[in-house]
Amino acid sequence: MSATETKGRRLTPQRLVTFALLLGLTLWVLHDARTRAAAAQLVPYSELLEAAQDGRVARLVVHPGSFEAELVADGAAEDRGEREHVRAQRLPGLEERALLDALAGRPVELVGEDDGQGAWWPMLLMWLLPMGLFFGYLAWSVRRVGRGGGASALSVGKAGVRIFDASRDRKVTFADVAGVDEAKTELAEIVAFLRHPERFAGVGALMPKGVLLLGPPGTGKTLLARAVAGEAGVPFFSISGSAFVEMFVGVGAARMRDLFDKARERAPCIVFIDEIDAVGRSRGGVGAMATHDEREQTLNQLLTEMDGFAPNSGVIIMAATNRHEILDPALLRAGRFDRQVLVDRPDVTGREAILRIHARRLRLDEDVALEVVARRTPGMAGADLANVVNEAALAAVRRGADRVAQRDFEEAIDRIQLGLKKGASPMTEAEKRRVAIHEAGHALVALSVPNADPVHRVSILPRGLGALGVTLQLPTHDRQLLTRSELDDRLAVLMGGRAAEELVCHEASTGAQNDLVQATETARAMVLQLGLSEAIGPVTYERRPESSWLAGSSRAETSEETARLIDAEIRRILDEAYGRALRVLEVRRDHLEAVADALCEHETLDAAALQQLLARRPRVVRRAGAT
């Protein structure tokens, strides 16, 4: 027998209890069935005497108060087939000699019993054994759930907190965190206080009781909190805000008290509450339906516990949320979460540092340029970049390589941003030609306008649900502001695909739907929010979200005349962008068709191949409007 089979057949306590429970239930069922089968039918004494005279009594049991007999067919007392069980009452003073005389000389088994007075314990055992096994198994299951950290009847008031101790768990330090240098600088004071509290006490300085980490999802707020605990070498208590809210009233407050009691016992330490908006939402509201008693009790207990800490108690409370605007003001006042640290999405330098941390476990090829990968992933957070690295490793495995190359990172980014690559092209040759013209239009307009990002790659490989082609641009740096001319160039690039189709194919198609959506949203933002329209002027008409749940009471923020002017301005901006793209492509008509031909042949062109193609084809300057 193999080790695996031996391990699979090991008699664990759970299997032993289950086996005993099943055995007890089986015995109980068998005893019940036997008892029912042996149940005797009550008959008159005269009928029993008549059966004895006919020789149908095979066995007679004499009880102190009754006779119990087994009856067979006529004159077949020796028959061992199916028998009838009957019982007759013994009446005081009744002459029973006739019954014994009728049985004399016949093969009858005569037994005398005390009516079961001394055999009560088997019956009791058969009833109590299954019940005892059942309740024993139930108690064992509840205790096991409680030991596993789950919510049970015995541990409903206990906080299901995870404790990370630097002495036994893997230590996370600031070296494992990248891309959030400002946040690390802010939190370095917390580390210094936990390491050397006497330095702060010597000058009378008080550290903040609470630190609130703000930022979008996936930016590393939880990792930062663990890094603070790792740098300081103190225990780290981690719990989710949703773990306090239960259907039972008072459970959340009890768990909050239990959490802080544990923290006081192991001070100095860090208490980290993730997604604190689950319990820290602002109390009250417009309508009565906005209240939640259990959540408010939990929040009140949290506020009380934070007030109960001395400034230098050694317990630092940290919390994370991506919805700080809905937190209760009492939670954010001085003396509670009085320090707020923004953990934002990293810039291009931060993304490169994050990629290098996650790529340490990979075997990279020599051609890997993580700075290019960082430039191709604007807006991605740390969790997104970790996913890119993992997808690149999977791509290398899929193609049978032992090292991760640059092409694997490109494939990973395309897979995440654009969707899966379709195996067989669903397009006909005519559709493939039209998509090539469309993407070539985007690329050429991007190469022609001064403020567009450089073209990184052009492809007509279908991806995702509806993307038949894509033109990827590589930003040179992260932009925090956009000028009017930069927005106009973006609109022209978006309109380049539709303009190319109408120029070469003489009609548009549905392939420009997504381009039109993005262009319209950009133009609408320019008019309504950014004040970049000459006709509207420096004013914003952005509709703010209603604070009242009575949405029907909202009124229009613009007059009908202004609304018509806004619509006209949006249409004018889009028409100008389309006309600008069309003029660019009319001038570079030869380049447009050359790029489209190359895409039909190779399906994908990178920046180097595109530049070589355009360098080999002399630029023929055409008059705008010529065919």
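Numbers here are sequence positions counted from 1.
When atom types are taken as modelled, the side chain of Q406 and the backbone of A369 share a donor-acceptor pair closer than 3.5 angstrom. The backbone N or O of D489 lies less than 3.5 Å from no partner atom in the side chain of N451, so there is not a single donor-acceptor pair. Counting only distance, with no hydrogens or angles, the side chain of R195 and the backbone of E231 share a donor-acceptor pair below 3.5 Å. Under a 3.5 Å cut-off, the side chain of R345 and the backbone N or O of G379 do form a donor-acceptor pair. Panel note: side chain R351, backbone T377; a donor-acceptor pair is recorded below 3.5 Å. Between the side chain of E439 and the main chain of V458, no donor-acceptor pair closer than 3.5 Å is present. Under a 3.5 Å cut-off, the side chain of D597 and the backbone N or O of A594 do not form any donor-acceptor pair. Formation of a donor-acceptor pair under 3.5 Å by the D414 side chain with backbone atoms of E411 is not found in this model. Listed for the R360 side chain is a donor-acceptor partner under 3.5 Å among the backbone atoms of I357. Listed for the K221 side chain is no donor-acceptor partner under 3.5 Å among the backbone atoms of V343.
Interatomic distance, CD1 of I326 versus CZ of R281, reported as 4.0 Å (0.5 Å rounding). Distance CD1/I460 to CD1/I437: 10.5 Å, rounded to 0.5 Å. Between the CE atom in M380 and the CD atom in Q417 there is a gap of 4.5 Å [rounded to 0.5 Å]. Here the straight-line distance linking atom CG of L461 with atom CG of L599 works out to 9.5 Å at 0.5 Å rounding. The OG1 atom of T222 sits 4.0 Å away from atom CG of D274, with the distance rounded to the nearest 0.5 Å. Remark: M526 CE to L487 CG distance equals 5.0 Å, nearest 0.5 Å.
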L468 vs H438, side-chain contact (heavy atoms from CB on, under 4.5 Å): CA-CA, chis, key distance, verdict: CA-CA 10 Å; L468 299 179; H438 183 102; over 6 Å; no

Worked verdict on K432 versus E429 for salt bridge (Lys or Arg N to Asp or Glu O under 4.0 Å): CA-CA 5 Å; K432 187 176 181 180; E429 290 299 324; 5.1 Å; no

Residues R399, D408; criterion salt bridge (Lys or Arg N to Asp or Glu O under 4.0 Å); working and verdict: CA-CA 9 Å; R399 65 182 181 89; D408 298 318; 2.7 Å; yes

side-chain contact (heavy atoms from CB on, under 4.5 Å) between I573 and I570, worked out: CA-CA 5 Å; I573 293 175; I570 295 174; over 6 Å; no

Criterion side-chain contact (heavy atoms from CB on, under 4.5 Å) on I273 and L302, from CA distance to verdict: CA-CA 11 Å; I273 305 176; L302 173 61; 4.2 Å; yes

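In this structure, L447 and L614 have side chains that are in contact, with non-hydrogen atoms separated by less than 4.5 Å. Contact check for Y578 versus E502: side-chain heavy atoms found under the 4.5 Å cut-off. You'll find the side chain of R415 stays beyond 4.5 Å of the side chain of N387, heavy atoms only. Put simply, the side chain of R266 reaches to within 4.5 Å of the side chain of F237, judged on heavy atoms. For the pair L516 and L574, the minimum side-chain heavy-atom distance is 4.5 Å or more. Side-chain contact between V372 and F409 is absent, with no heavy atoms from C-beta onward closer than 4.5 Å. Using a 4.5 Å cut-off on side-chain heavy atoms (C-beta onward), E576 and L491 make no contact. Contact of the F174 side chain with the V191 side chain is registered, since non-hydrogen atoms from C-beta on lie closer than 4.5 Å.
R588 and S448 form a side-chain donor-acceptor contact under 3.5 Å, judged by distance and modelled atom types alone.
Minimum heavy-atom separation, L194 to P268: CD2-CB, 4.2 Å. Of all heavy-atom pairs between D277 and L327, the closest is CA-CD2, 3.7 Å. V504 and R589 get closest at one heavy-atom pair: CG2-NE, 3.9 Å. Residues R484 and L532 come closest through the heavy atom pair NH1-O, 2.6 Å. Taking all atoms of both residues into account, the shortest heavy-atom contact from A492 to R580 is CB-CD, 4.3 Å. Of all heavy-atom pairs spanning A446 and V493, the tightest one is CA-CG2, 3.8 Å.
A salt bridge links E352 to R356: at least one charged side-chain nitrogen sits closer than 4.0 Å to a carboxylate oxygen. Salt bridge absent: R434 and E431 never bring a charged side-chain N and a carboxylate O closer than 4.0 Å.
Considering V177, V180, V228 as possible partners of L187, the one that fulfils the side-chain contact (heavy atoms from CB on, under 4.5 Å) test is V228.
No more than 12 heavy atoms of other residues, nucleotides or ligands sit less than 6.0 Å from atom CZ of R407. Other residues, nucleotides and ligands place no more than 12 heavy atoms under 6.0 Å from the CD atom of Q513. Within 6.0 Å of atom CZ in R524, 12 or fewer heavy atoms from other residues, nucleotides or ligands are found, so the atom counts as exposed in its surroundings. Atom CD of E366 has 12 or fewer heavy atoms from other residues, nucleotides or ligands within 6.0 Å.
For H456, the side chain to side chain donor-acceptor pair (under 3.5 Å) partners are E410, not counting sequence neighbours.
By the 30° and 60° cut-offs, the orientation of the rings of F236 relative to F272 is parallel.
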